[in-house]
2 protein chains.
Amino acid sequence: MVPEAERRRRRPTRQGQVLSETLIVETALRMLHEHGSAGLTARRLGTALGADPSTVYRYFAGLDGLTRAIGEELMGRALDTWAATGDWRADLRALGLAIHASYLAHPQAAVLTASRVTGRPREIEVDETILGILRGAGFTDTDAVAVYHAFIDLALAFAALDAGALALKDEARERDEQMWTSTYARLPGTTHPHIAATAPLLAERMNRSAYPTVLGTLLDGAAARLAGAHRRGRTGQGRSRGSGAGRADAEDAERVRSLS
Amino acid sequence: MVPEAERRRRRPTRQGQVLSETLIVETALRMLHEHGSAGLTARRLGTALGADPSTVYRYFAGLDGLTRAIGEELMGRALDTWAATGDWRADLRALGLAIHASYLAHPQAAVLTASRVTGRPREIEVDETILGILRGAGFTDTDAVAVYHAFIDLALAFAALDAGALALKDEARERDEQMWTSTYARLPGTTHPHIAATAPLLAERMNRSAYPTVLGTLLDGAAARLAGAHRRGRTGQGRSRGSGAGRADAEDAERVRSLS
DNA sequence: TCCTTATGCCAACGCTGTAGACGTTAAGCC
DNA sequence: GGCTTAACGTCTACAGCGTTGGCATAAGGA
């Protein structure tokens with residue numbers, strides 16, 4: 001296995017294809033679209049590329065390495081469709097939606113990659129951008145990191161969740177989506193009063209992503225914290241209850257972490 | 001395949017095991033712990049059960065059916081460790097953390113199931129409980145459904161994301177966790193000023209789950225909306241900007257949905 | 001005790017990811 | 001232009017996978 005940058009001899013395949021990392025990644029994305037998230041196999045990828053299956057292993061450390069490269073590509077695409085305006089709130093919202101949308105444009109790929117951290121260049125670029133927006137907006141470093149953490153994990157988590165729903169093959173997805181009008185809407189009010197009372201609302205809402213809503217709430221919370229910090233800065237007063245990211249949450253986070 | 005409730009003839013395995021859905025689910029959970037999230041195979045499960053691999057197919061519709069049953073089991077366990085107090089905010093927080101914790105107690109299983117909706121009894125029970133808490137707290141049906149949607153998807157999304165990190169085998173996880181002290185902390189301030197400036201804070205924070213923080217923010221937003229609704233109820237005034245779940249978000253959600 | 005059929009077992013099919021040896025051919029140098 | 005060298009595509013093989021259909025058998029109702 002040789003890193004892409006050091007490749008010198010580009011020798012065509014028996015069928016005439018000249019391979020490269022990006023060609024393989026793009027072919028893999030197309031295959032994921034056509035054959036579903038379980039349809040990315042070395043052999044199929046080989047035939048699609050006009051090359052022997054094992055050739056892929058000269059470019060990536062197993063299919064897992066290819067998967068990480070795909071994630072990096074999706075992150076890069078998100079960044080490319082986004083442009084800063086200077087309004088931190090609008091910029092973060094747009095960036096979050098861009099990441100989410102970029103992954104959901106390839107749900108079958110997103111399922112495989114959204115919960116992996118690659119640490120590759122474009123991903124780092126996104127992180128740097130987010131931190132820059134927050135620090136530029138006047139957040140303290142501590143707050144900026146806290147909001148960044150919540151922001152990026154929220155985007156990835158919802159990308160993975162929503163991609164999972166979209167990645168189901170049509171038939172299965174239809175069945176899943178109809179669950180709110182079939183299973184849930186038919187529960188009797190005697191045993192499930194609250195579901196029964198809200199069934200139409202549920203059917204209308206549950207097949208959409210909750211991400212935009214939650215993202216809005218998160219940014220509201222961040223804005224409140226920013227305002228609070230400014231107020232404290234002027235008055236020298238202690239922090240208010242506010243955003244719910246205080247001591248108790250840190251303890252929860254620690255507890256959660258040590259669960260494994 | 002016969003539903004568990006109608007099973008009459010319980011015939012022991014050649015090795016003496018008497019099978020049942022719950023025995024299989026529990027064995028599968030144990031195997032996931034021992035062999036990782038890719039370690040649940042029909043053949044291995046068979047040997048672990050002291051039975052032929054194909055026997056599992058008499059109890060579940062393929063490994064996929066087994067997977068859904070595992071998800072249902074985890075959801076049930078979350079509900080069992082939780083008790084209502086009457087304080088809607090505390091109750092929701094505790095329930096969210098319980099779901100998150102239940103999945104993270106079996107990260108390898110959570111990876112497989114957290115983004116699947118099963119529509120099975122214990123899952124419905126959780127949904128009914130959440131809606132009950134919200135409607136009991138005085139939310140309108142519309143608001144209750146909106147908060148419910150955000151709440152449950154948030155819990156599942158973070159369960160999946162955090163489980164993904166925990167499910168990596170020790171060696172890989174350690175490498176992942178050290179990325180914040182190795183890769184990120186070493187980026188030069190000239191190219192990545194914001195990451196460089198916050199590197200210690202990042203290293204301290206990024207290996208914990210952001211879920212408790214985000215959950216807190218979500219509940220804060222919900223509380224604000226509840227207070228706003230009450231105020232509107234008294235004064236008859238229109239809704240304020242507030243929680244960020246207004247018209248614009250609904251449009252975003254629709255846009256996102258039609259992406260596929 | 002007998003009959004039915006649920007249920008466990010077996011064998012087989014067509015896949016999978018990946019390792020290692022092999023041979024061809026492009027690149028770099030003179 | 002010709003030579004050398006090793007990068008890179010190809011071939012072969014292995015061990016394992018999910019799943020299915022047929023078969024034997026024993027459990028439970030009569």
Side-chain angles (χ1 to χ4, degrees), chain A residues 1-24 27-28 31-32 34-70 108 112-113 169 172, chain B residues 1-24 27-28 31-32 34-70 108 112-113 169 172:
Chain A
M1 230 214 79
V2 171
E4 179 78 0
E6 298 170 20
R7 286 189 181 269
R8 308 246 88 92
R9 308 189 180 177
R10 317 224 74 130
R11 164 169 157 195
T13 275
R14 170 154 302 182
Q15 305 185 27
Q17 274 283 17
V18 175
L19 300 182
S20 68
E21 277 194 13
T22 66
L23 176 66
I24 296 179
T27 309
M31 293 191 40
L32 283 166
E34 289 168 9
H35 300 101
S37 50
L40 178 63
T41 74
R43 283 172 228 272
R44 249 211 285 248
L45 184 54
T47 21
L49 283 167
D52 187 89
S54 63
T55 309
V56 176
Y57 294 85
R58 298 243 183 237
Y59 286 81
F60 299 96
L63 287 198
D64 197 72
L66 172 56
T67 293
R68 284 196 301 272
I70 292 174
Q108 301 84 359
L112 301 179
T113 68
K169 61 180 75 155
Chain B
M1 229 213 80
V2 171
E4 180 77 2
E6 298 170 19
R7 287 192 180 268
R8 309 246 87 94
R9 309 187 180 178
R10 318 225 72 130
R11 166 170 157 192
T13 286
R14 173 157 300 184
Q15 303 184 29
Q17 273 282 17
V18 174
L19 301 181
S20 67
E21 276 194 13
T22 66
L23 176 66
I24 296 178
T27 310
M31 291 191 43
L32 284 166
E34 288 169 10
H35 300 101
S37 50
L40 177 62
T41 74
R43 283 171 227 272
R44 246 210 288 246
L45 184 54
T47 22
L49 283 167
D52 186 87
S54 65
T55 309
V56 176
Y57 292 83
R58 298 246 181 234
Y59 287 81
F60 299 96
L63 286 199
D64 196 74
L66 171 58
T67 294
R68 285 197 300 275
I70 292 173
Q108 301 85 358
L112 302 180
T113 67
K169 60 181 78 155

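Letters A, B, ... are given to chains in the order of the sequence lines, protein chains preceding strands, and every chain is numbered from 1.
Atoms CG (B:Asp52) and P (C:dA11) sit 10 Å apart, rounded to a whole Å. One atom, CZ of B:Arg8, and another, P of D:dG29, lie 7 Å apart when rounded to the nearest Å. For the pair B:Glu4 CD and C:dA6 P, the interatomic distance rounds to 15 Å; values are reported in whole Å. In this entry the distance linking CD of A:Gln15 with C1' of D:dG9 reads 12 Å, nearest Å. Rounded to an integer number of Å, the gap from B:Phe60 CZ to D:dT19 P is 13 Å. Atoms CD (A:Gln17) and P (D:dT10) sit 11 Å apart, rounded to a whole Å. In this structure, B:Leu40 atom CG and D:dC17 atom P are separated by 11 Å, rounded to whole Å. What separates OH of A:Tyr57 from C1' of D:dT12 is a distance of 15 Å, to the nearest Å.
OP1 or OP2 of D:dG9 sits under 4.0 Å from a side-chain N or O of A:Tyr59. Contact between the side-chain N/O atoms of A:Arg14 and the OP1/OP2 oxygens of D:dC11 is found at a separation under 4.0 Å. Look at B:Arg9 and you won't find any side-chain N or O under 4.0 angstrom from OP1 or OP2 of C:dG8. Between B:Ser54 and the phosphate of D:dT19, there is no side-chain N or O to OP1/OP2 separation shorter than 4.0 Å. Close to C:dC9, at under 4.0 Å from its OP1 or OP2, lies a side-chain N or O of B:Thr55.
Counting all heavy atoms, side chain and backbone alike, A:Ala69 lies closest to A:Phe60 at CB-CE2, 3.6 Å. Contact between B:Ser37 and B:Gln108 at its shortest, heavy atoms only, is CB-O, 3.4 Å.
Taking 4.5 Å as the limit, some side-chain heavy atom of B:Val18 sits within range of a side-chain heavy atom of B:Arg10. In this structure the side chain of B:Thr55 reaches within 4.5 angstrom of the side chain of B:Leu19, judged on heavy atoms.
The side chain of B:Arg43 approaches D:dC17 more closely than any other nucleotide in the set D:dC17, D:dT20, C:dC22.
Residue pairs meeting the salt bridge (charged side-chain N to carboxylate O under 4.0 Å, His left out) criterion with at least one member in residues 41-56 of chain A: none, sequence neighbours excluded.
If you check distances only, the side chain of B:Arg10 never reaches the base of C:dT7 with a donor-acceptor pair under 3.5 Å.
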